[in-house]
Amino acid sequence: MTNDPDEPKNNISDIPRGKPYDPKEVEEKIYRLWEQSGYFNPDNLPKGNGKTYTILIAPPNITGSLHMGHALENTISDTLIRFHRMRGYKTLWLPGTDHAGIATQNAVEKELKKQGLSRHDLGKEEFLKKIWEWREKYGNIILDQLKKLGCSLDWSRTRFTMDKEYQEAVRTAFEHYQKKGLIYQGERVVNWCIKDQTALSDLELEYAEEKSKLWYIKYPIAKNSKWNKFGVGASEIRNSKFITVATTRPETMLGDTAIAVNPKDERYKALVGQTVILPLVNREIPIVADPLIEIEFGTGAVKVTPAHDLADNEIAFKNNLPILKIINEVGKIINVNEEFDGLKISEARAKVVGKLKELGLIEKEEEFIHNVAKCYRCNSTIEPLPSKQWFLKMKPLAEKAIKAIENGEITYEPERWKAISLDWLRNVRDWCVSRQIWWGHQIPIENCEDTFDTWFSSALWPFAALGWPQETKDLKNFYSATVITSARDILHLWISRMIFSGLEFMDQAPFKTVIIHATVLNKEGKRMSKSLGTGIDPLELIEKYGADATRFGLIYQTFGGQDIHFNENVLMMGKKFANKLWNIARFVSTKTEGNILANNEPDLDGADEESLALIKKLGETIKDTTDNLQKYNFGEAAHVIYDFVWHDFADKYIEHSKTKNTKDVKMILVYALTTILKLLHPFMPFITETIWQELVEKNLVKEKILIVAEWPNQHSVL
RNA sequence: GGACGGUUAGCUCAGUUGGUUAGAGCGUUCGCUUGACAUGCGAAAGGUCACAGGUUCAAAUCCUGUACCGUCCACCA
C-alpha cells in the first residue's frame with residue numbers, strides 16, 4: 001500500500017471475488033438426485049441397524065398453502081428423519097393430505113359463487129364431483145411446497161384421507177364403536193353454524209370479543225301480580241312485583257322455560273318455587289335454584305333458555321324443565337306465535353326489546369363486552385340449538401389415553417403439555433361426530449345423509465395411512481411412530497384423539513413422543529394470520545435466502561417450544577453460514593486436490609498441537625450434536641455446529657493450515673470437512689449434498705451420496 | 001374465572017444441575033484486498049439480568065409477592 005494521496009484507493013468492487021453460493025442453482029437438481037436415489041423410501045435403504053423409525057406428518061389441508069408453522073414443523077421432522085436415516089434406521093415419513101371437510105367445501109363454494117351458483121344449484125352429486133376436480137387441480141400444491149423445503153418424504157406412499165382404502169378405515173372404525181355401544185344418536189344442544197348449515201364440536205369454535213348490551217328485563221311474579229295468561233295493561237304492570245334478569249340475548253326470552261337463581265342467594269330465597277309470567281308470550285314459568293348461577297353477576301337471576309344455551313340446557317336437565325326450540329337451523333324464529341315466527345334473530349331482538357320497552361319492562365341497558373362463539377372456518381356466529389346428531393361416548397376411550405400418558409407410554413416435549421392433555425381428557429365431553437356438510441366421509445347408517453367430523457378420520461391417520469384395517473406389511477413394520485411434531489392448537493383436536501384411537505384399534509399408542517413446537521409469531525409477538533395479512537410466506541423466504549438458510553434460521557431459534565418472534569435477520573445469518581461453508585469447501589478442495597485418499601481417517605501420530613486441538617473439538621461437536629438431536633434440543637444442536645464450523649474450523653484451523661502444507665494437515669482438512677457435512681446435513685440438506693457430490697467427483701469421499709452416508713461417531717476421533 | 005409460558009445488550013434470543021470479568025447473531029463504531037469467503041477478517045463500545053423481598057459464603061439461575069406481555073382451557077347469562 002502506498003501513502004501517496006494521489007494514488008487512487010483500491011475499490012472493493014475491483015477486487016476479483018469468488019462467486020457466492022447460489023442455492024437456486026442447485027436445490028432443484030439435488031432434490032431430483034435424492035428422488036432418483038429412491039432413499040426416501042425405507043424399502044430401498046441399505047441394511048443399516050435393522051430398526052425402523054417413523055415420523056407422522058400432520059397431513060396438510062388440501063385447501064392450504066405452506067405457512068411458517070408448516071415450515072418449522074416439517075423442518076423439525078425432516079431433520080429428525082435425515083438424522084436417523086444416516087444412523088442406519090429404516091426411516092419412514094409418509095406424506096398425505098387431509099380432505100378438510102368444511103374448509104374445502106367452503107373453498108369450492110366460494111369459487112361457485114363467482115359464477116353466481118350455490119352448492120344447492122348443483123345438487124349434492126354434481127357438487128361433490130366439482131370438489132374432486134378441485135382436489136385434483138389444487139390438492140397437491142402444498143406437497144410440492146414441502147419438496148422445496150427439502151422434506152424427504154416417501155412420495156411412493158402418499159395418501160389422501162378420502163381415498164378408497166381410507167374410507168374403509170373410517171367405516172370399520174365407526175362400526176367397531178357401534179358394536180361396542182359407544183355410538184348413540186341424541187337430540188342435543190349443539191353448536192350450529194348457520195352459514196355452513198352444520199353442527200360443530202366444541203373444539204371447532206373460536207371466541208371473539210364483541211361489544212354488546214346487557215339488557216335488564218323485568219319478569220312479573222305470578223303470585224303477586226295481576227298478570228295472567230291473557231296478558232296485561234299498564235295499570236296491572238304498576239301493581240305488579242318483578243324479578244329482574246340480565247341478558248345479552250333478549251330474543252331468546254321467547255324460549256325461556258324458567259328463571260334460575262343461586263340457592264344461597266338471600267334476595268331470592270323466598271321466590272324459589274314460585275312462578276313468573278313470561279312477558280310477550282305470557283307463559284307461566286318456574287323460578288328454580290341452581291348453584292351454577294353466580295350471585296354477583298347482573299342481578300343474580302338468570303333467564304333459562306334450555307334450547308339455545310349449553311349452560312341453560314344443563315340447568316334444564318337437572319330441573320326437568322321443558323326444552324323449547326324457538327330458533328331453527330337457518331336462524332329464524334319458530335314455535336312462538338304469528339308475530340315472531342319467521343323473523344331473523346336480529347329482527348326478533350329489535351322487536352322484543354321494542355315491545356318490552358313499550359311495556360316498561362326494560363329496567364336498564366348496559367354496555368357489555370361479550371365473548372361470542374364463532375365458527376372456526378367461516379367465522380359466523382354460532383347458534384346453539386337442539387339437533388339430532390351422532391355422538392361417540394368418550395369416557396372409556398379417554399380412560400385408555402389417560403393411562404397411556406400417565407404411565408409414560410407417550411411423552412411430551414416440552415413436558416408441560418402432558419398435564420394439559422390429561423386435563424382435557426379427564427374432563428372431555430362426548431364427541432359430536434356428525435356433520436351436515438356434503439364433503440366428507442358418509443356415516444355408514446341407512447338413510448343417514450350426515451358426514452363425519454373431519455377429525456374423526458384424522459384420528460385414524462397413524463394406522464389408516466399404513467393400510468389399516470388390512471393387515472399390511474407397512475402396518476406391521478412402521479406402526480407405531482416414534483415422533484409426531486405438531487402445533488399446540490391441535491393438541492386436543494387431533495393429538496389426543498389419535499392417542500385413544502390408536503389404543504382402541506391397534507392396542508398401542510400411535511407415537512412415543514409428541515413434540516409441540518413453537519408458534520411462529522411476528523415481530524410484535526402477535527400470531528401470524530393469513531386473513532389479517534400478517535403472515536410471512538416461507539416460499540418467499542426460500543426464494544430469498546434458500547431452503548437451507550430458511551431451515552437453519554428456524555431451527556437455530558428452536559429452544560424447547562419457546563415461541564419464536566420471527567426475525568428475518570436470522571435467515572440472513574443462515575444464508576451467510578451457507579456461503580461460509582461453501583467457501584470452506586472450496587478452500588479445502590483446492591488445497592488438497594489430488595493428494596488425499598478418499599475417506600481416510602487422519603493419522604494423528606506426530607500431529608501438531610493445532611491439529612490435535614481441532615480433532616478433540618470435532619469429537620466434542622459430534623457428541624454434542626448427536627446428544628442434542630436425540631434430546632430434541634434442535635436450537636442447541638444448530639448452535640454447536642455453527643460455532644465449530646465458523647470459529648474452530650474456519651477461523652483457527654484453516655488459517656493455521658495456510659502456514660503448513662503437510663499431508664497430515666490436508667488429511668485433517670478433508671476429514672473435518674466431510675464430518676461437518678454429515679453433521680450439518682439434517683439441518684442444511686441441499687448445500688451439504690451439493691458439496692458432497694463435488695467431493696465424490698474429486699474422489700475425496702467414498703460414500704456416493706450424503707443422504708445415506710454414515711453418521712459420524714465421536715469415538716473414532718477421540 | 002382457571003392453568004401455563006415469557007420479561008437478559010438498540011433488535012431477536014442463548015445461558016444445562018446456583019460458582020471467576022453474563023454470551024451469540026443482527027445493528028453501531030474503528031481498522032483491513034489477509035492463500036476460501038466484504039454474505040469476509042481483526043478489534044471496540046453497549047447489560048441495576050422486569051420490580052420488591054427472602055434463602056445462601058455465593059443468585060440471571062432457588063423461594064415468595066408484584067407488574068407487564070403472550071398462549072391455552074372454561075364461556076359468565
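Values below: all heavy atoms of this structure, side chains included; hydrogens, waters and symmetry mates excluded. Throughout, a chain's letter reflects where its sequence line sits, starting with A, and its residues are numbered from 1. Here the structure is a predicted model, which means the values were calculated and not measured.
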*Asks:* Is the closest basic N to carboxylate O distance between Glu610(A) and Lys658(A) below 4.0 Å?
*Replies:*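 Between Lys658(A) and Glu610(A) there is no salt bridge, as every charged N stays at least 4.0 Å from the carboxylate O atoms.
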
*Asks:* Is Leu205(A) touching bases, backbone alone, or none of the nucleic acid, heavy atoms closer than 4.0 Å?
*Replies:*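 The residue Leu205(A) makes no contact with any strand.
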
*Asks:* Please compare His647(A) and Thr659(A) by the position of their nearest nucleotide in RNA chain B and report the one closer to 5'.
*Replies:*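 It is His647(A) whose nearest nucleotide is closer to the 5' end.
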
*Asks:* Checking Glu636(A) now: which residues fulfil side-chain hydrogen bond (donor to acceptor under 3.5 Å, both in side chains) with it, not counting sequence neighbours?
*Replies:*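 Listed in chain order: nothing, the list is empty.
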
*Asks:* I'd like a table of donor-acceptor pairs (distance under 3.5 Å, sequence neighbours excluded) in which one partner is a side-chain atom from residues 641-653 of chain A, with atom names and distances.
*Replies:*
{"from": "His647(A)", "atom 1": "ND1", "to": "Asp651(A)", "atom 2": "OD2", "distance (Å)": "3.1"}
{"from": "Tyr653(A)", "atom 1": "OH", "to": "Ser611(A)", "atom 2": "OG", "distance (Å)": "2.7"}

*Asks:* I'd like the P distance from rU61(B) over to rU7(B), given in whole Å.
*Replies:*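 One P to the other, the span is 11 Å.
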
*Asks:* Taking only distance into account, with no hydrogens and no angle test, what donor-acceptor pairs under 3.5 Å do side-chain atoms of residues 622-630 of chain A form with protein atoms, sequence neighbours excluded?
*Replies:*
{"from": "Lys623(A)", "atom 1": "NZ", "to": "Asp627(A)", "atom 2": "OD2", "distance (Å)": "2.8"}
{"from": "Thr625(A)", "atom 1": "OG1", "to": "Thr621(A)", "atom 2": "O", "distance (Å)": "2.7"}
{"from": "Thr626(A)", "atom 1": "OG1", "to": "Ile622(A)", "atom 2": "O", "distance (Å)": "2.6"}
{"from": "Thr626(A)", "atom 1": "OG1", "to": "Trp711(A)", "atom 2": "NE1", "distance (Å)": "3.0"}
{"from": "Asn628(A)", "atom 1": "OD1", "to": "Asn633(A)", "atom 2": "ND2", "distance (Å)": "3.4"}
{"from": "Asn628(A)", "atom 1": "ND2", "to": "Asp624(A)", "atom 2": "O", "distance (Å)": "3.0"}

*Asks:* Mind checking the C1' distance from rU48(B) to rA9(B)? Whole angstroms is fine.
*Replies:*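 Looking at atom C1' only, rU48(B) and rA9(B) are 14 Å apart.
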
*Asks:* For Asn319(A), check side-chain hydrogen bond (donor to acceptor under 3.5 Å, both in side chains) against everything at least two apart and list the hits.
*Replies:*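 In terms of side-chain hydrogen bond (donor to acceptor under 3.5 Å, both in side chains), with neighbours along the sequence ignored, Asn319(A) is linked to no residue.
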
*Asks:* Between rG25(B), rC37(B), rU12(B), which one does the side chain of Met573(A) approach most closely?
*Replies:*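 Out of rG25(B), rC37(B), rU12(B), the nucleotide with an atom closest to Met573(A)'s side chain is rG25(B).
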
*Asks:* In whole Å, measure the gap between the C1' atoms of rG2(B) and rC75(B) for me.
*Replies:*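 One C1' to the other, the span is 12 Å.
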
*Asks:* Can you tabulate the close N/O pairs, meaning under 3.5 Å, that link protein atoms to atoms of nucleotides 74-76 of chain B?
*Replies:*
{"from": "rC75(B)", "atom 1": "OP1", "to": "Arg429(A)", "atom 2": "NH2", "distance (Å)": "3.2"}
{"from": "rC75(B)", "atom 1": "N3", "to": "Asn371(A)", "atom 2": "ND2", "distance (Å)": "3.3"}
{"from": "rC76(B)", "atom 1": "O2", "to": "Glu294(A)", "atom 2": "OE2", "distance (Å)": "3.0"}

*Asks:* Residues in side-chain hydrogen bond (donor to acceptor under 3.5 Å, both in side chains) with Trp215(A), at least two apart?
*Replies:*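 Trp215(A) satisfies side-chain hydrogen bond (donor to acceptor under 3.5 Å, both in side chains) with Glu365(A) once adjacent residues are dropped.
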
*Asks:* For residues 255-264 of chain A, which residues have at least one heavy atom under 4.0 Å from RNA chain B?
*Replies:*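 Nothing qualifies; none.
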
*Asks:* Nearest-nucleotide wise, let me know which of Asn569(A) and Ile293(A) is further upstream toward the 5' end of RNA chain B.
*Replies:*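 In this pair, the answer is Asn569(A).
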
*Asks:* Measure the shortest side-chain to side-chain distance between Arg249(A) and Ile345(A) over non-hydrogen atoms and say whether it is less than 4.5 angstrom.
*Replies:*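 Result yes, sub-4.5 Å side-chain heavy-atom pair found.
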
*Asks:* Starting from C1' on rA3(B), measure out to CH2 on Trp417(A) and report it in whole angstrom.
*Replies:*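 Taking CH2 of Trp417(A) and C1' of rA3(B), I get 11 Å after rounding.
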
*Asks:* Counting only N and O atoms by type, is there a donor-acceptor contact under 3.5 Å from the side chain of Lys325(A) to the main-chain atoms of Pro386(A)?
*Replies:*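 Yes; judged by distance alone, with no hydrogens or angles, the pair exists.
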
*Asks:* Using side-chain heavy atoms (C-beta onward) and a distance below 4.5 Å, is Met68(A) in contact with Leu541(A)?
*Replies:*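 In short, these two side chains touch, coming nearer than 4.5 Å.
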
*Asks:* Under 4.0 Å between a side-chain nitrogen and a carboxylate oxygen: does that hold for Lys418(A) and Glu406(A)?
*Replies:*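 Looking at Glu406(A) together with Lys418(A), the answer is no, because their closest N to O distance does not fall below 4.0 Å.
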
*Asks:* What's touching nucleotides 4-8 of chain B from the protein side, N or O pairs under 3.5 Å?
*Replies:*
{"from": "rG5(B)", "atom 1": "O2'", "to": "Gln562(A)", "atom 2": "OE1", "distance (Å)": "3.4"}

*Asks:* If I take atom CD in residue Glu206(A) and atom C1' in nucleotide rU71(B), what distance separates them, rounded to the nearest angstrom?
*Replies:*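 After rounding, the reported distance stands at 13 Å.
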
*Asks:* Between Asp563(A) and Arg488(A), is the closest basic N to carboxylate O distance under 4.0 Å?
*Replies:*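 A salt bridge links Arg488(A) with Asp563(A).
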
*Asks:* So, does His492(A) get its side chain near the phosphate of rC73(B), meaning an N or O under 4.0 Å from OP1 or OP2?
*Replies:*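 For rC73(B), OP1/OP2 do not have a side-chain N/O of His492(A) under 4.0 Å.
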
*Asks:* In whole Å, what is the span from the CD1 atom of Ile490(A) to the P atom of rC73(B)?
*Replies:*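 Those two atoms, CD1 and P, are 13 Å apart.
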
*Asks:* Which whole number of Å gives the distance between the P atom of rA58(B) and that of rG19(B)?
*Replies:*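 Result for the P pair: 14 Å, nearest Å.
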
*Asks:* Roughly how many Å apart are rG10(B) and rA22(B), using the P atom of each and rounding to a whole number?
*Replies:*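 Result for the P pair: 16 Å, nearest Å.
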
*Asks:* Quick check: Trp582(A) with Tyr21(A) (ring centres under 6.0 Å apart)?
*Replies:*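 Yes, they do, as the ring centres are separated by less than 6.0 Å.
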
*Asks:* Report the distance from atom NZ of Lys19(A) to atom C1' of rA38(B), rounded to the nearest whole Å.
*Replies:*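 These atoms are roughly 18 Å apart.
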
*Asks:* NE2 of His639(A) versus C1' of rC13(B): gap in Å, rounded?
*Replies:*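 Rounding to the nearest Å, NE2 of His639(A) and C1' of rC13(B) are 8 Å apart.
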
*Asks:* Looking at every strand, decide which applies to Val570(A) at a 4.0 Å heavy-atom threshold: base, sugar-phosphate, or nothing.
*Replies:*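 Nothing: the residue Val570(A), judged by heavy atoms under 4.0 Å, touches no strand.
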
*Asks:* Using both pair distances under 3.5 Å as the test, note the stems of at least 3 consecutive Watson-Crick or G-U pairs that include RNA chain B.
*Replies:*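 Ordered by first number, the stems with RNA chain B (at least 3 consecutive pairs each) read B:1-7 with B:67-73, B:10-13 with B:23-26, B:28-32 with B:40-44, B:50-54 with B:62-66.
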
*Asks:* Just wondering, more than 12 heavy atoms not from Lys617(A) lying within 6.0 Å of its NZ?
*Replies:*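 Not more than 12 within 6.0 Å, no.
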
*Asks:* Rounded off to whole Å, could you give me the CG-to-C1' distance for the Asn567(A) and rA24(B) pair?
*Replies:*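 Taking CG of Asn567(A) and C1' of rA24(B), I get 14 Å after rounding.
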
*Asks:* Just checking Asn583(A): base, sugar-phosphate only, or nothing, at a heavy-atom cut-off of under 4.0 Å?
*Replies:*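 If one applies the 4.0 Å heavy-atom cut-off, Asn583(A) turns out to touch a base.
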
*Asks:* Quote, to the nearest angstrom, the P distance that separates rA60(B) from rC72(B).
*Replies:*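 Going atom to atom, P in each nucleotide, I get 34 Å.
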
*Asks:* Please give the distance between the C1' atoms of rG27(B) and rC11(B) as a whole number of Å.
*Replies:*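 7 Å, rounded to whole Å.
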
*Asks:* What's the CZ-C1' distance between Arg586(A) and rG35(B), to the nearest Å?
*Replies:*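 Checked: the CZ to C1' distance equals 12 Å.
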
*Asks:* Taking CG from Asp643(A) and P from rG23(B), how many angstroms apart are they, rounded to a whole number?
*Replies:*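 Distance, rounded to whole Å: 14 Å.
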
*Asks:* Under the side-chain hydrogen bond (donor to acceptor under 3.5 Å, both in side chains) test, which residues partner Asn569(A), sequence neighbours left out?
*Replies:*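 Asn569(A): side-chain hydrogen bond (donor to acceptor under 3.5 Å, both in side chains) contacts with Asn567(A).
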
*Asks:* Please state whether the rings of Trp424(A) and His492(A) are parallel, tilted or perpendicular, taking 30° and 60° as the class boundaries.
*Replies:*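 Correct class here is parallel.
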
*Asks:* So does Arg586(A) pair up with Glu694(A), basic N to acidic O under 4.0 Å?
*Replies:*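 Answer for the salt bridge query: no.
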
*Asks:* Using the P atoms only, state how far rA24(B) lies from rG40(B), rounded to an integer number of Å.
*Replies:*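 The answer is 16 Å between these two P atoms.
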
*Asks:* Got a sec, which residues hit side-chain contact (heavy atoms from CB on, under 4.5 Å) with Lys395(A), two or more places apart in sequence or on another chain?
*Replies:*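 Once residues adjacent in sequence are excluded, the partners of Lys395(A) under the side-chain contact (heavy atoms from CB on, under 4.5 Å) criterion are Glu399(A).
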
*Asks:* Identify each atom pair where a protein N or O and an N or O of nucleotides 40-42 of chain B are less than 3.5 Å apart, giving names and distance.
*Replies:*
{"from": "rG40(B)", "atom 1": "O3'", "to": "Lys580(A)", "atom 2": "NZ", "distance (Å)": "3.2"}
{"from": "rC41(B)", "atom 1": "OP1", "to": "Lys580(A)", "atom 2": "NZ", "distance (Å)": "3.0"}
{"from": "rC41(B)", "atom 1": "OP1", "to": "Trp646(A)", "atom 2": "NE1", "distance (Å)": "2.6"}

*Asks:* So, are Lys544(A) and Glu568(A) salt-bridged, with charged N and O less than 4.0 Å apart?
*Replies:*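 Salt bridge between Lys544(A) and Glu568(A), a charged N being under 4.0 Å from a carboxylate O: yes.
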
